[in-house]
Amino acid sequence: MKETKNISRSRAQESSAAIEKMYITMRHLFNRGFYKPMGISGDTLREALLALRPEIYGNIAEEKVELNGLLYVIERLPMGIEECRFINLTSDEGYSRSHFKAIVPPKRRRNCYRIDEEQMNVEITRGRSDIYDILTHLTFIFIESHKIRNRVLLDDAGEVSRDWMKLEQAVSQTKKLSLIDKEKAISHAANILGRTFEDVLNIYDAFGSEAAPDRFLQIIFWLGKLAIEEIVSNKKRTITFSPILRERLGHHIHGEIWATNIKEVLKEKGLLDRPIHVISANMHSVMNSIFATTVLKTQFKDKSDFFIYEELSKSGAHEVRNKVEEVALKHGMISLPDTSGTNIDVQIFDTSKVDWAKSSFPSAKFGDKEPVLIVMDYAFGEQAYETIDELLKPFKKDILLNVESVSIMGKAGILEGGKGDIMIPNAHINEGTADNYFFENELTADMFEGNDIAVFAGAMVTVLGTSLQNRDLLKFFHESTWGVIGLEMEGSYYQKAIQSASKIRKSVPHDIKVRYAYYASDNPLETGSTLASGGLGTTGVKPTYLITIKILEQIFNVK
């Protein structure tokens, strides 16, 4: 009789199972309508996140509080959310017409409204990925809050440590702390967090702003305070999903409004019968690639194009940016700021109005009809399917669009190489499922050689969220025969929409061309190079423009 082997799971398999469990749990909690993150209903989500131990959350499974991960999350949540016991996820339900002031997190485009001292409403208009994103972030900060509680609560009656009392005194000050008081408070906070004085000092200012320089202490205090109240007074924090959100989600409501707006403008300007090229990028690189060099050549004499693009990308460069935009608007660019709730702005370029001799592409060649470019800002996760699916549908059910190409330029995590490198995919693999999408990419790695930027070609994995990545699973994807070169959040959703529109629904040409290229914003396999380690700075400028120019050269038939 054969002996049964003791089969144990690898860390990559455990991680994959944890991601699947989180995905299913979040959908279940959404259907249920509410849950208590630190109660029994939140158990599965917490356990799965602790089993996964994502790279971005560093020390989540240890006793000490994770500071870089906390900063990453706080920048993506509305100011004041740490003080709220009730977090209500809603659809766009008319709060913009009320006296409530919209709070927009610095690193996520979502409108949030502080209803009262205890409640924060967060508008979800970008699909399920937005819900996965916010729920994982909230689960993380609630886990961290209970680490604080464990260190300061001395007994069940509510007696707290001296460090906690001193922190409370510092937080109750209404004016900015003096250097001495600040350092005293940091000393007490370091003890509470299980970190060194230096650890806290190094990150302290990153949490602050001009209006709230000591916000770090506020965040730590309120996280701890609500966690203590959960244990001592049984006042559990609660996350609810509004009935309207549950009814609307998944029905492409915002995507349909967004796409119809674009088609109405095309009709109004007489552009519906022209060849159309869709480009998903940011709101400056296409405009600047066409117009900036000629507009600014006198201002930046003898400077390279990339030097000009770097100048335009600096935070205080409003004046030069406005100059370029002014010229673009006079020569065929139409600006469509978003009003649909998708948070995706759009620019339409009518190339028949561009004076090509005075552009960066003087040898642009077109057939009988000059093309129209639709440049859309980045989508967020599953929202990519909703928006492209709606955009590629016929206008008024019977006017087919002649979409000749869809080009996607995005930011992604790289698994070999570093920040600012370029990835050219030939397939997208959906994490947590067996779905995979192979395609013929019009861009190749050879096109980018010789620019002092490393280029990698291969498959890429589309992940559920930036905060769910862990080293073991990524190493498996990279080192196994999948040969994955990077990870991003939208690729497979774009491809799913393009394939169904061109191959099944026949609403766009069967031979539609696709272009995908990504530049690396982080390397989640390298400690210190994850997204929590900070932004790209100017490192991202060259790859962004290099990719944009290669896409435009193909559309404009520049050899």
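To the nearest 0.5 Å, the span separating CZ on Arg53 from CG on Asn59 amounts to 11.0 Å. Taken to the nearest 0.5 Å, the CG atom of Leu52 stands 12.5 Å off from the CD atom of Glu20. The distance from the CG atom of Asn202 to the CZ atom of Phe197 is 10.0 Å, given to the nearest 0.5 Å. One distance of note links OG of Ser492 with CD of Glu382; it measures 9.0 Å at 0.5 Å rounding.
A donor-acceptor distance shorter than 3.5 angstrom exists from the side chain of Asn523 to the backbone of Gly417, with no hydrogens or angles considered. The backbone N or O of Ile192 lies less than 3.5 Å from a partner atom in the side chain of Arg151, making a donor-acceptor pair. Using a distance-only test at 3.5 Å, with no hydrogens or angles considered, a donor-acceptor pair links the side chain of Glu144 to the main chain of Glu66. With hydrogens and angles ignored, the 3.5 Å screen pairs no side-chain donor or acceptor of Asp345 with any backbone N or O of Asp377. The main-chain N or O of Ile344 is found under 3.5 Å from a side-chain atom of Trp258 such that the two form a donor-acceptor pair. Remark: side-chain polar atoms of Ser98 are paired, donor with acceptor, to backbone N or O of Phe100 under 3.5 angstrom. Under a 3.5 Å cut-off, the side chain of Arg46 and the backbone N or O of Ile143 do not form any donor-acceptor pair. At distances below 3.5 Å, at least one donor-acceptor pair connects side-chain atoms of Asn150 with backbone N or O atoms of His146. Between the side chain of Thr139 and the backbone N or O of Leu135, at least one donor-acceptor pair lies under 3.5 Å. Formation of a donor-acceptor pair under 3.5 Å by the Glu93 side chain with backbone atoms of Ser91 is found in this model.
Remark: the Ser285 side chain and the Asn288 side chain contain no N/O donor-acceptor pair separated by less than 3.5 Å. For the residue pair Ser280 / Tyr378, no side-chain donor-acceptor distance below 3.5 Å is found, with atom types taken as modelled. No donor-acceptor contact under 3.5 angstrom links the side chains of Arg248 and His251, judged on distance only. Side-chain contact, Gln383 with Thr342: no donor N or O sits under 3.5 Å from an acceptor N or O.
Taking a cutoff of 4.0 Å between a charged side-chain nitrogen and a carboxylate oxygen, Glu319 and Lys323 do not qualify as a salt bridge. Salt bridge Arg215/Glu82: present, at least one basic N to carboxylate O contact under 4.0 Å. Of the charged side-chain nitrogens involved, at least one lies within less than 4.0 Å of a carboxylate oxygen, so that Asp130 and Arg110 count as a salt-bridged pair. A salt bridge is defined here as a Lys NZ or Arg NE, NH1 or NH2 lying under 4.0 Å from an Asp or Glu carboxylate O, and Asp163 with Lys166 fails to meet this definition. Note on Lys182 versus Asp205: salt bridge recorded, some NZ/NE/NH1/NH2 to OD/OE distance being below 4.0 Å. Note on Lys147 versus Glu62: no salt bridge recorded, every NZ/NE/NH1/NH2 to OD/OE distance being 4.0 Å or above. A salt bridge between Arg108 and Asp133 is present, with a side-chain N of the basic residue lying under 4.0 Å from a carboxylate O of the acidic one. Between Lys236 and Glu230 there is no salt bridge, since none of the side-chain N atoms of the basic residue sits less than 4.0 Å from a carboxylate O of the acidic one.
Residue pairs that meet the ring pair (Phe, Tyr, Trp, His ring centres under 6.0 Å) test with at least one member in residues 110-143, sequence neighbours left out, are Tyr23-Tyr132, Tyr57-Phe140, Tyr72-His137, Tyr95-Tyr113.
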- [ ] Apply side-chain hydrogen bond (donor to acceptor under 3.5 Å, both in side chains) to Thr90 and Asn88, showing your working.
- [x] CA-CA 6 Å; Thr90 72; Asn88 187 22; 6.0 Å; no
- Item | Stepwise salt bridge (Lys or Arg N to Asp or Glu O under 4.0 Å) check, Arg321 with Glu325 | CA-CA 6 Å; Arg321 279 203 291 268; Glu325 192 174 350; over 6 Å; no
- [ ] Give the intermediate values and the outcome of ring-ring contact (aromatic ring centres under 6.0 Å, His included) for residues His252 and Tyr385.
- [x] CA-CA 9 Å; His252 291 201; Tyr385 177 75; 5.7 Å; yes
Exercise for the section: Show your working on side chain to side chain contact (heavy atoms under 4.5 Å, CB included) between Val324 and Met287 and close with a plain yes or no. Expected result: CA-CA 8 Å; Val324 179; Met287 175 179 74; 4.2 Å; yes
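Nearest heavy-atom pair, Leu29 versus Ser41, reported as atom, atom and distance to 0.1 Å: CD2-O, 3.7 Å.
Between Trp164 and Ile148, some side-chain heavy-atom pair lies under the 4.5 Å cut-off. Residues Asn430 and Tyr493 meet the side-chain proximity criterion, which asks for heavy atoms closer than 4.5 Å. Taking the side chain as every heavy atom from C-beta outward, Phe86 and Thr240 never approach each other to under 4.5 Å. For the pair Arg114 and Gln119, the minimum side-chain heavy-atom distance is 4.5 Å or more. Looking only at side-chain heavy atoms (C-beta outward), Leu138 and Leu77 come within less than 4.5 Å of each other. Residues Ile257 and Glu390 are not in side-chain contact: their nearest non-hydrogen atoms beyond the backbone lie 4.5 Å or more apart. Proximity of Arg85 to Thr238: side-chain heavy atoms (C-beta onward) are nowhere separated by under 4.5 Å. At least one side-chain heavy atom of Ile203 sits less than 4.5 Å from a side-chain heavy atom of Asn68.
Relative ring orientation between Tyr309 and Tyr545 is described as parallel, the plane-to-plane angle staying below 30° on a 0-90° scale split at 30° and 60°. A perpendicular orientation is assigned to the rings of Phe207 and Phe216, their planes being inclined by more than 60° (bins at 30° and 60°).
Both tests do not hold together for Arg32 against Phe30: distance to the six-membered ring centre under 6.0 Å, angle to the ring axis within 45°.
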